[in-house]
Number of protein chains: 4
Amino acid sequence: MDNNDYSDELYFSGMTEKQKKIYESALEIFAEKGFSGTSTGEIAKKAGVAEGLIFKHFKNKKLLFQKIAFMAVEKTILPLTILRTKKILSENYTDLRFFLNLFFNERLDFIKKHRTFLRIIIQEMSFDAELQNFAKKQFTEKMFPMVSEFIKRHQKKGVIIDLDPSIIIRMVMSSFLGYSILRFILSSDEEWDDDMQIKSMIDILCNGLIKRK
Amino acid sequence: MDNNDYSDELYFSGMTEKQKKIYESALEIFAEKGFSGTSTGEIAKKAGVAEGLIFKHFKNKKLLFQKIAFMAVEKTILPLTILRTKKILSENYTDLRFFLNLFFNERLDFIKKHRTFLRIIIQEMSFDAELQNFAKKQFTEKMFPMVSEFIKRHQKKGVIIDLDPSIIIRMVMSSFLGYSILRFILSSDEEWDDDMQIKSMIDILCNGLIKRK
Amino acid sequence: MDNNDYSDELYFSGMTEKQKKIYESALEIFAEKGFSGTSTGEIAKKAGVAEGLIFKHFKNKKLLFQKIAFMAVEKTILPLTILRTKKILSENYTDLRFFLNLFFNERLDFIKKHRTFLRIIIQEMSFDAELQNFAKKQFTEKMFPMVSEFIKRHQKKGVIIDLDPSIIIRMVMSSFLGYSILRFILSSDEEWDDDMQIKSMIDILCNGLIKRK
Amino acid sequence: MDNNDYSDELYFSGMTEKQKKIYESALEIFAEKGFSGTSTGEIAKKAGVAEGLIFKHFKNKKLLFQKIAFMAVEKTILPLTILRTKKILSENYTDLRFFLNLFFNERLDFIKKHRTFLRIIIQEMSFDAELQNFAKKQFTEKMFPMVSEFIKRHQKKGVIIDLDPSIIIRMVMSSFLGYSILRFILSSDEEWDDDMQIKSMIDILCNGLIKRK
DNA sequence: TATGAATGAGCATTCATTCAT
DNA sequence: AATGAATGAATGCTCATTCAT
C-alpha cells in the first residue's frame, strides 16, 4: 500500500527495520495471492530476512496476516474515511448531493489505489468474526453518529425524507458497496465511465431520498 | 447445496455413484472452507472413496472445484434467476415496485439457502477470470435483454424515468448486491428485519426511478 | 520397431489384435522413456485399450517389459545377426577384412534403425541376469562356434595371427560395441562420417590381426 | 562411492553434516537402484534426516541426482583420469604399449571400484544431454589435446602409423569402453582373466597402430 | 535481534493392480 | 476377451514452525 495520504511512521513505531520489511512484503504478497496462497518463505525472501524472524516477531502466519488486516482497517481505512467524512460534513453549505458526490468519488479513488489489498480484507472479513466486529464497532461508534446527525438535521429542515437514518445510511452504503464490487472485483479491467455512472447513481439516490414539495 | 428447487439428475447423468459422492462432498467442504482450505484427502474421506478416484474422475483439485463452480452458476444460479425473472416480468400487471419486491425477496431466499457456497463462488470469481466472463456473458445475454425491455416498455408508458436501462439495471443490482453482502457475508448471523429493510430499499429505489406527474 | 527385414507374424501368433497393440505400444514407449519412465496408463492409451487388459494378458508391467526384451533378443536381434553372419561367412572368397566390413556396416544399420530400443535392452540387461544369461547362451551356442571356426580356418592358412579365437572375437566385439556406444548413445545426433570411421577401425584391426610374412 | 583415492573435503566444503549425509546416502542408493528406482523417502531414511531437508538443500530429486552425477564426473572421474594420463605421458620413456598398459589397467581398477555408480552415470548420460555435453567438453578440452600431442610426437618419430590422432584415440577408447562394458556391465560377476585379456587387446592394438620397418 | 538448518506433518498427484460386469 | 471404475500405497514436494547458535 502506498502512503501518499497518510504517514506510515505512526504504525511502525517500535518496529525494527527488518520487522517493517516483513510487514511490507507480507502486505504486498497477501494482497496479490490471498492468505493461503502466500507462503512465509516467499515473504521472508522478499523481505530479505531469515524465515525464522517472521515467527520471532509475529508469532505465526495467521497473526501476521491479522495484524496487517487490523492495522489496515484501524489505522488507514477507517481513520481516513472518518476524517474525510467529518471534513465534508462540517461545511455549512453541504447538502446530500454534494456529500454523496464527494464521498463516492473520494472513496472510489481510495479503492482504486488499494484495491488488491481491499479484496483480501473483504475476503478475510467474511471468515474472521473478530475483524468483522472490529470494523462494525468502529463504524457504529465513529461513522454512524456523524452521518446520522447530518441526516437528522436535513430531515428537520424538510429536505430529506423521513426514514430512520440507519436505513438511509444502509441504503447509501449498499449502493456504494455493490457498485464498487461490480466495478472492481468482478469487472477488474473494464473500460468504465465512473463519472457518469456515479452521477447517475447519485441522481437516483437523491431522487429517492430528497423530499418534494 | 441442497436441491429443493431443482432436479439434480440432469447434471449428474453419466456420473457413477461414487463420482456423485465426490462431487457432493467436495461441494460441501469447499463451501465451508474455501478452495485452499479444503484437502482432497478430506473430500475422499467424506465421500467414502479412495483419494485416487478423485483424480481419475476430475483430473485435479482445481478442475474439480471449477466444475462445481461452473455447474452451480450454469445449471442452478443463472437458470433459476432467469426463469423466475421471466415469470415475474411476464405478468401483465407487473410494475417496477412489484417486480423489485418479488425479485429481491426471492433472490434473498435463494442466497439464504445457498449462502456458504455463494460466498466461495464470489471469492473464486474475484480470482478466476474465466468464471467471471462466463457469468458476465450469461447475464448480458440472458438477463439483461429481458429486464431492459421491461424497463423500456415502462419508460414509453411514462412510468420510469428516462435513463439508459443499463444504468437503471446496474443501480438496482448494485443495491441488491451491496445489501446482500452487508446482510450475509459481513453480518453473518445478525438479527435483521429483512422485510422492513427490503421494503425501505425498494421505496427509495422506486422513489428515485419512478416519474412524477 | 519397424519390420522391414523380418516378419512379425511369427512372434504374434496366438495374440489377439488388442494384445498386439499393447505389445507394440509398450515397445515404443519403453524404448523412448525407459522402464520406470513408462506408465501402464500411457501404454493403454496409446494402444487404445482399457488399462486392465494389459494385466489380463501380461500379468504385470515387469513381465510385459521382459517379454518384449526377450522376444526382441530371441526373435529379432540374435536370429538376424546369426543369419547374416552365416551368410557372409559362407562365401568362399570371404577374408577377414571383407567379413568385418560387411558385418560392421550391416550391424550399424541395424542399430541405426532400432537404436532407441536397443538402448533399453542394454540398460535392462545390466540389471536382469536372466536376460544376460539368455543372450550369452545364445551367443556362445550359435554365434561363437561359427565365427570361431572361420578364424581357425584362416589361422591354419596362416592369414590370421595365432591367438585364441575367443580373444580375437572379444576384441572385435569390444571395438564394435564401444564404437556403437560412443556413436549412438553418447553422441546422439552428431554429424559423423561412419564410412570413414569404420574403414579406419577395420584397418587398424586387420593390421593387428593379420599375419605378415 | 568410496573415497580411497581422493579427498572428499574439497567438494563438501560449505555443506552441513546432514547435507553431506544426504549426498552420500543418495549416491549409494542411486548407484544401486538408478534414478527413478530411488525414492527421496529412502534417501532421507538412510541419511537419518527429515525428508523435507533434501528439498531445502537440493531443490528437487533431479537436481540432487545431477549434482551427484556432475560432481562425480567433474571432481572425480575426469580429474583422476586426466591426472594419471598426464603423469603417464610425461615420462620420457613412455611408448604406446607402455601407455596403453598403464592406462587400461589403472582405469579398469577405477571402474572396478566404482562400477555401480558408473553404471548409472552411463545410463543417465544416455538420457541427459546436458551431462553428455559436459563430459564431452571436458574430454575434448582436457584429455584430447594431451593424448593427441603424444600421438603426433610418436608419429613424427615414425613409430605410430599416420592416421588422424582423433581416429586413433577413438579406436583406443572404443576398445576400452567396449571391453569394460562386456566385462562389468554385462558379465557382472564372471571369473575373467583381466591381465591376459588386456595384454591381448593391447597386443592387437599395438600391432595395428605401430609402424613396421 | 537475527540466522538458517532442521523438522514432520500434510498435500496433490501418480500408478500398478484388482475386480465386478 | 474386454472394460473402466476403484483401490491404496507410494511419491515428490511444500510449508509453517522450532531451535541451536
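To find a chain, count down the sequence lines: A is the first, B the second, and so on, and within it residues start at 1. Both backbone and side-chain heavy atoms feed into the values below; hydrogens, waters and symmetry mates do not.
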5' priority, DNA chain F, between L53(A) and E17(C) [closest heavy atom]: E17(C)

Under 4.0 Å between a side-chain N/O of [X] and OP1 or OP2 of [N], yes or no?
X	N	result
K61(A)	dA16(F)	yes
H57(C)	dA2(F)	yes
K59(A)	dT17(F)	no
T40(B)	dC11(E)	no
K56(A)	dC19(F)	no

K62(B), NZ: over 12 other non-hydrogen atoms inside 6.0 angstrom: yes

Sole candidate of F58(D), Y23(D), F30(D), F70(D) that passes ring pair (Phe, Tyr, Trp, His ring centres under 6.0 Å) when paired with F65(D):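 With F65(D) as partner, F58(D), Y23(D), F30(D), F70(D) yield a single ring pair (Phe, Tyr, Trp, His ring centres under 6.0 Å), made by F30(D).
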
Residue N60(B), side-chain heavy atoms: nucleotide from dT7(E), dA16(F), dT13(E) that is nearest: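 When the side chain of N60(B) is considered, dT13(E) is the closest of dT7(E), dA16(F), dT13(E).
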
Closest listed nucleotide, where the reference is the side chain of F55(C) and the choices are dT17(E), dA12(E), dT7(E):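 So the side chain of F55(C) is nearest to dT17(E).
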
T16(D) vs T38(C), nearer the 5' end of DNA chain E by closest nucleotide: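 Of the two residues, T16(D) wins.
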
First encountered from the 5' end of DNA chain E, between K18(D) and G41(B): K18(D)

Row check, F55(C) ring normal vs K61(C) NZ/CZ: under 6.0 Å, within 45°: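 No; the conditions do not both hold, so K61(C) does not lie above the ring face of F55(C).
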
